Chemist: 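Before anything else, here's the structure in question.
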Amino acid sequence: MKRITINKIIKKKNTTPIICLTAYSKTIAKIADKYCDIILVGDSLGMVLYGMETTKEVKIDTMILHAKVVKNSAKKSLVVFDMPYRTYTNKFIAYKNASKVIKLTKCDAIKLEGGKKIVEIIKYLTRKGIPVMGHIGLLPQTSRNFKPKGKNFNQKKQIFEDALAISNSGAFAIVVECVVENLAKKITKNISIPTIGIGASKHCDGQILVTDDMIGLSDFLPKFVKQYSNLKKVIEKCIKNYSRDVKLRRFPSYKNVYK
Ligand code: KIV
């Protein structure tokens, strides 16, 4: 099966919703690959898998390990690598790190958080042939609190200007995180590249969620997440039953024994 191209993703704007999820492992990547246009190896893995307080602690080499297996497992979705905190402090550092990432993981693109301040970095990377996805609104790598953005005039103006700047810098899509509905709608209408919303209403061109939140494996359940299952409960039931079976010598049974 052929991998979706960035051009095809861009062409979906105003026509077909773009489906995106995060993946950090082979199992999730393989399943997500059947249904998603884009799989993001998100630095949210710091909190979700490694119990870190924030994404600031995530190291590029940890991300590379996860991205390698995700890229190997996903055959048709575009795989995007989320550049960790302080790996793109200027355009030269960004290029050095992004080149290493692409070389080692074979990911199709990278994602950077930020607005107007990172325009020169995006221009430089895209000129050098590295596709970039932007990320505006709530920026987990630098935000001090987890509150919806764009509630007042100044914030709205700043985020809208960020969206225009990123769109004009050569990025192929933008994640819009946790912004009020009317701002997400305005951004989506006024920029030429797809917006991928997370907590940013149905008016975006696509949607993304952290898979572990959506399947009920994490402890994070903000208003914008729809929980499609509660896998923590399912896993607990399995482990409880296994523990009971071992205690009662019901496991292993004759079915699990070599003769
Ligand atoms: O790290 C991540 O998973 C992300 C998504 C929330 C978009 O950046």
Side-chain angles (χ1 to χ4, degrees), residues 1-49 55 58 63-83 101-102 105-113 130-138 140 171-178 184 188 193-218 220-222 224-231:
M1 199 173 287
K2 268 180 94 177
R3 196 175 297 282
I4 192 164
T5 60
I6 283 175
N7 275 343
K8 280 201 176 135
I9 301 267
I10 296 171
K11 281 194 184 133
K12 283 179 183 268
K13 187 171 174 82
N14 301 322
T15 57
T16 320
I18 301 165
I19 303 156
C20 320
L21 278 174
T22 60
Y24 322 124
S25 68
K26 173 178 154 184
T27 308
I28 299 290
K30 279 195 164 182
I31 300 170
D33 194 41
K34 292 188 196 173
Y35 303 100
C36 291
D37 301 299
I38 298 177
I39 295 178
L40 173 71
V41 187
D43 64 353
S44 50
L45 68 73
M47 282 122 101
V48 175
L49 294 187
T55 56
V58 175
M63 292 288 297
I64 286 172
L65 279 180
H66 288 274
K68 273 185 187 169
V69 74
V70 170
K71 181 65 205 292
N72 268 333
S73 311
K75 303 295 178 201
K76 65 172 244 316
S77 314
L78 199 83
V79 179
V80 179
F81 185 101
D82 205 5
M83 295 294 284
V101 160
I102 301 291
T105 68
K106 311 273 186 293
C107 279
D108 305 296
I110 57 146
K111 176 168 84 62
L112 305 180
E113 288 182 15
I130 297 181
V132 178
M133 182 182 226
H135 185 152
I136 58 164
L138 189 134
F172 71 89
I174 311 186
V175 169
V176 180
E177 179 161 355
C178 222
T188 303
I193 58 173
T195 54
I196 310 295
I198 172 162
S201 85
K202 64 177 182 190
H203 300 291
C204 293
D205 299 299
Q207 297 294 328
I208 186 162
L209 282 175
V210 170
T211 302
D212 293 60
D213 299 341
M214 188 266 282
I215 61 179
L217 252 190
S218 73
F220 191 62
L221 197 57
F224 65 76
V225 172
K226 178 171 174 184
Q227 206 181 58
Y228 286 83
S229 182
N230 191 335
L231 286 198

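Bear in mind the structure is a predicted one, so any value in this text is a computation, not a measurement. Numbers for residues simply follow the sequence, beginning at 1. Excluded from the calculations below are hydrogen atoms, water molecules and symmetry mates; all remaining heavy atoms, backbone and side chain alike, are included.
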Chemist: Do side-chain atoms of Lys13 reach the backbone of Ile193 as a donor and acceptor pair under 3.5 angstrom?
Modeler: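 Such a contact is found between Lys13 side chain and Ile193 backbone.
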
Chemist: Report the residue from Val70, Leu78, Val80 that forms a side chain to side chain contact (heavy atoms under 4.5 Å, CB included) with Ile39.
Modeler: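 Among Val70, Leu78, Val80, the one that satisfies the side chain to side chain contact (heavy atoms under 4.5 Å, CB included) with Ile39 is Val70.
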
Chemist: Answer yes or no: is there a donor N or O on one side and an acceptor on the other, between the side chain of Asp82 and the main chain of Val41, under 3.5 Å?
Modeler: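 No, the answer is negative, given that no donor and acceptor are paired below the 3.5 Å cut-off.
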
Chemist: Using the side chain to side chain contact (heavy atoms under 4.5 Å, CB included) rule, take Val58 and Met63 through it: C-alpha gap first, then chi angles, then the decisive distance, then the call.
Modeler: CA-CA 8 Å; Val58 175; Met63 292 288 297; 3.6 Å; yes

Chemist: Using the side chain to side chain contact (heavy atoms under 4.5 Å, CB included) criterion, which residues pair with Lys8? Sequence neighbours excluded.
Modeler: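 With sequence neighbours excluded, Lys8 shows a side chain to side chain contact (heavy atoms under 4.5 Å, CB included) to Ile4, Thr5, given in chain and number order.
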
Chemist: Would you confirm whether Lys26, through its side chain, and Ser73, through its main-chain N or O, come within 3.5 Å as a donor-acceptor pair?
Modeler: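 Flag not set: sc Lys26 to bb Ser73 has no pair under 3.5 Å.
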
Chemist: How far apart are the closest heavy atoms of Pro194 and Ile10, and which atoms are they?
Modeler: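 It is CG-CA, 3.9 Å.
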
Chemist: Ignoring hydrogens and geometry, is there a side-chain-to-backbone donor-acceptor pair from Lys76 to Asp33 under 3.5 Å?
Modeler: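 Such a contact is found between Lys76 side chain and Asp33 backbone.
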
Chemist: Looking at Thr55 and Ser44, would you say the former's side chain and the latter's main chain have a donor-acceptor pair under 3.5 Å?
Modeler: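 No; judged by distance alone, with no hydrogens or angles, the pair does not exist.
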
Chemist: Is the shortest side-chain heavy-atom distance between Leu21 and Leu209 below 4.5 Å?
Modeler: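 The answer is yes; the side chains approach within 4.5 Å.
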
Chemist: Tyr228: which residues meet the side chain to side chain contact (heavy atoms under 4.5 Å, CB included) condition with it, sequence neighbours left out?
Modeler: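 Only Met214, Lys226 meet the side chain to side chain contact (heavy atoms under 4.5 Å, CB included) criterion with Tyr228.
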
Chemist: Taking side chain as C-beta onward, heavy atoms only, is His66 less than 4.5 Å from Leu49?
Modeler: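 His66 reaches Leu49 side chain to side chain.
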
Chemist: Hey, does the side chain of Asp213 reach the backbone of Leu221 with a donor-acceptor pair shorter than 3.5 angstrom?
Modeler: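 Checking the backbone N and O of Leu221 against the side chain of Asp213, no donor-acceptor pair under 3.5 Å is found.
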
Chemist: Name all residues meeting the salt bridge (charged side-chain N to carboxylate O under 4.0 Å, His left out) criterion together with Asp212; count only those two or more places apart in sequence or in a different chain, and write none if there are none.
Modeler: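 Applying salt bridge (charged side-chain N to carboxylate O under 4.0 Å, His left out) to Asp212 gives none.
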
Chemist: Which atom pair, heavy atoms only, marks the closest approach of Gly216 to Gln227?
Modeler: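 What the structure gives for the nearest pair is CA-NE2, 3.4 Å.
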
